[in-house]
Amino acid sequence: MREFTGISASPGIIIGKAFLYLDENLRIPRYSISPDEIGREMDRFERALKKAIGEIEALKKKTYSDLTEQDSQFLDSHILMLQDPSFIEEVRLSLMERSQNVEWIFFKTIQRQIAMLDNADDQYLRERTIDLHDISNRVLNHLLYRNRISLADLTEEVILVTHNLLPSDALAMNKRMIKGIAMDAGGRTSHTAILARSFEIPAVLGLSEITKIVRTGDEIVVDGNSGTVIVNPDEKVRERSDRAWQAWQKREEALLNLNELPAETLDGKHILLKANIEVPEETDSVLSHGADGIGLYRSEFLFLHPGGVATEDEQYRAYRQVLESMSGKPVTIRTLDVGGDKVIPDIEAVEDKNPLLGWRAIRYCLARTDVFKVQLRALLRASVYGDLRIMFPMISGIEELNRALEVLEEVIDELHKQGIPFSNEIPVGIMIEVPSAALTADILAKRADFFSIGTNDLIQYTIAIDRGNEKIAYMYEPFHPGVLRLIKMVIDNAHAHSIPVGMCGEMAADPYATVILLALGLDEFSMSAFGIPEVKQILRSVSLAEAEEQLGTIMEMKSYVDIDKYVKGWMNEHFDILS
């Protein structure tokens with residue numbers, strides 16, 4: 001028996017038989033060619049490109065009914081990569097310069113591009129190397145006359161164990177037969193993670209070497225709640241896992257029964273529970289988990305897909321799709337949050353020194369109003385299809401908010417003159433994620449229609465902790481007295497000016513923080529759709545008066561260590577906490 005710990009990418013517990021899927025490494029031949037053979041090699045390369053494109057087109061047709069718009073765009077982006085003239089020219093020039101066979105030249109060209117992405121600071125870009133691996137394998141398979149195994153042909157239920165699932169394999173796989181996923185590579189923003197969550201398949205990624213241990217037919221336990229995988233459990237562990245699975249199923253059924261019920265405390269305080277999304281296709285999960293709306297749509301993912309920045313019409317269609325899917329429920333879309341740890345192709349906002357404190361988010365948008373206005377036009381055009389709210393990220397003071405509102409007014413005037421319809425009642429709010437914004441919340445509240453607290457950055461900036469630095473990660477503490485005081489200040493000042501306050505950072509999804517945030521006066525919680533039922537259950541099982549009593553005790557404590565210990569002890573005593 002072996003136990004592995006990785007990244008919880010999709011919740012749930014599953015026990016089953018492993019299917020080891022290894023697309024074995026290709027042996028790439030390397031040999032010299034004469035100058036008069038270069039033309040023949042290029043012909044072989046171009047035929048392989050055409051065959052690879054034909055494969056993708058066939059995949060689109062075969063899986064058409066299951067394809068989301070994002071998946072279709074993803075496949076189109078692979079076609080664009082294969083048709084990229086600059087890429088083809090790079091291969092041709094290398095072929096002429098080095099006089100080696102085209103398989104080797106193509107392989108080395110792809111490897112150079114992968115190395116560039118691997119060195120990127122942004123995790124999302126690093127994970128996009130999988131796209132290059134995907135198209136590389138397609139072309140090489142044709143150059144080497146090799147057939148690949150297809151996951152579409154699975155005929156029995158299995159737990160998929162693989163090193164790094166290619167996006168095209170993920171799209172083509174028989175999702176009814178794959179009950180869990182355990183993977184060496186990957187993170188929460190990878191295509192595999194997004195797909196697993198969409199289809200509610202328990203998944204643990206980032207396991208490093210699971211494929212070196214597991215063999216097809218092994219019994220395996222995938223616990224997406226704890227991020228653990230157990231291979232060939234003994235009888236005692238097997239029974240424990242069975243009980244955990246049964247408890248999970250029973251718990252999920254009970255939580256989903258709350259979908260139609262409001263998030264209301266025992267003494268009648270009503271709280272809105274909304275969802276965070278990254279792509280339009282997540283709205284099905286948002287609705288199935290009983291969300292009151294979308295509290296954060298991270299629009300920068302429209303700019304991160306391979307193939308370049310989304311056009312105005314592409315953005316408009318994505319925003320419209322989300323608004324229509326939510327059938328009148330409110331949708332808050334955050335404007336472009338580029339820079340910092342979000343490096344976006346074709347947008348120059350990369351800095352070597354202190355990128356998280358530099359030219360990013362609203363600062364970038366106000367400097368590049370051409371990009372900003374395109375997004376605002378798309379948002380306004382889509383607003384007639386639902387209840388849209390616009391939110392500006394990383395506002396640090398009133399000057400930035402005033403300027404952002406001025407740009408919005410300029411776009412409104414343009415659309416008026418052009419006779420393009422849009423809603424005249426769009427609430428415009430800001431994210432509070434910079435200490436200066438929290439400290440001047442009373443000033444900002446006079447110009448904003450709502451606040452949304454982004455705790456991921458607010459905690460980082462308040463405690464001066466790089467949450468990506470493993471040496472000090474233990475100090476990234478949401479229950480730090482300084483953080484709690486800032487949150488209270490923001491909420492009190494917002495309410496004094498009669499505007500609501502939500503929270504869209506990870507703290508909102510932390511069940512241990514639910515009672516504290518309730519007592520602090522938070523109006524809206526926004527989180528991954530999976531987290532909504534658990535937070536709702538806690539809110540429906542406590543009174544506001546009881547929560548405020550606990551807050552009184554907590555706010556008198558001087559150390560986050562004491563607060564953390566007290567909160568977790570009290571919550572575990574009163575509630576069945578999943579995480």
Side-chain angles (χ1 to χ4, degrees), residues 21-64 67 71-119 125 127-153 163-173 191 305-308 345-346:
Y21 180 70
L22 292 178
D23 195 10
E24 67 272 14
N25 291 329
L26 293 171
R27 287 182 171 272
I28 312 298
R30 180 185 183 185
Y31 52 86
S32 298
I33 62 173
S34 62
D36 59 1
E37 292 178 302
I38 290 175
R40 186 191 66 186
E41 291 295 283
M42 274 304 295
D43 287 342
R44 290 180 55 224
F45 177 56
E46 289 174 356
R47 285 197 298 271
L49 290 178
K50 289 179 181 178
K51 289 179 180 178
I53 291 170
E55 274 186 346
I56 298 173
E57 294 285 5
L59 176 60
K60 287 181 66 177
K61 292 178 182 177
K62 183 176 180 181
T63 60
Y64 177 79
L67 280 182
D71 292 333
S72 181
Q73 290 175 352
F74 148 75
L75 290 175
D76 287 338
S77 73
H78 279 204
I79 293 174
L80 288 173
M81 287 186 226
L82 293 170
Q83 293 174 331
D84 183 2
S86 62
F87 171 68
I88 296 172
E89 180 66 8
E90 184 178 354
V91 172
R92 188 184 70 81
L93 291 175
S94 295
L95 191 62
M96 295 176 65
E97 180 183 338
R98 301 175 67 174
S99 295
Q100 293 175 316
N101 59 301
V102 74
E103 294 95 337
W104 182 255
I105 294 296
F106 171 71
F107 174 71
K108 297 303 289 184
T109 302
I110 287 288
Q111 289 302 305
R112 284 196 298 273
Q113 295 189 5
I114 288 173
M116 290 174 61
L117 288 181
D118 274 338
N119 290 326
L125 285 183
E127 289 174 352
R128 296 288 68 76
T129 60
I130 192 69
D131 295 312
L132 292 178
H133 281 296
D134 200 333
I135 65 170
S136 172
N137 279 9
R138 284 191 184 280
V139 175
L140 288 169
N141 284 333
H142 289 296
L143 287 172
L144 299 171
Y145 308 102
R146 175 178 174 272
N147 293 321
R148 292 179 64 200
I149 301 169
S150 175
L151 292 174
D153 300 328
H163 174 68
N164 201 356
L165 193 63
L166 295 175
S168 58
D169 287 335
L171 287 175
M173 70 184 185
H191 190 83
H305 65 79
D346 299 331

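Index from 1, following the sequence. Just so we're clear, the structure is a prediction, and the values are computed from it rather than from any experiment.
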As an exercise, state the distance from [atom1] of [X] to [atom2] of [Y], rounded to the nearest 0.5 Å.
X      : Y      : atom1 : atom2 : result
Ile110 : Ile105 : CD1   : CD1   : 13.0 Å
Lys50  : Arg47  : NZ    : CZ    : 9.0 Å
Glu46  : Leu82  : CD    : CG    : 12.5 Å

Check whether any side-chain heavy atom of [X] lies under 4.5 Å from a side-chain heavy atom of [Y], and answer yes or no.
X      : Y      : value
Ile38  : Arg92  : no
Glu57  : Ile79  : yes
Arg98  : Trp104 : yes
Ile56  : Arg138 : yes
Leu95  : Phe45  : no
Ile33  : Glu41  : yes
Arg112 : Glu90  : yes
Met81  : Ser136 : no

(Q) Is the ring pair Phe87/Phe106 parallel, tilted or perpendicular, if the boundaries are 30 and 60 degrees? (A)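 Plane angle over 60°, so perpendicular.
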**Q.** Test log, rule side chain to side chain donor-acceptor pair (under 3.5 Å), inputs Glu37 and Ser34
**A.** CA-CA 5 Å; Glu37 292 178 302; Ser34 62; 3.2 Å; yes
(Q) I'd like to know if the side chain of Gln83 and the backbone of Leu80 have a donor-acceptor N/O pair within less than 3.5 Å. (A)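 Flag not set: sc Gln83 to bb Leu80 has no pair under 3.5 Å.
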Q) Which heavy atom of Ala52 sits nearest a heavy atom of Val139, and at what distance? A)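 Taking Ala52 first and Val139 second, the nearest heavy atoms are CB-CG2, 4.1 Å.
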Q. Can we say Arg44 and Glu103 salt-bridge, meaning some charged N sits less than 4.0 Å from an Asp/Glu carboxylate O?
A.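 So Arg44 pairs with Glu103 through a salt bridge.
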Q. Please walk me through it: do Ile88 and Met42 pass side-chain contact (heavy atoms from CB on, under 4.5 Å)?
A. CA-CA 9 Å; Ile88 296 172; Met42 274 304 295; 4.2 Å; yes
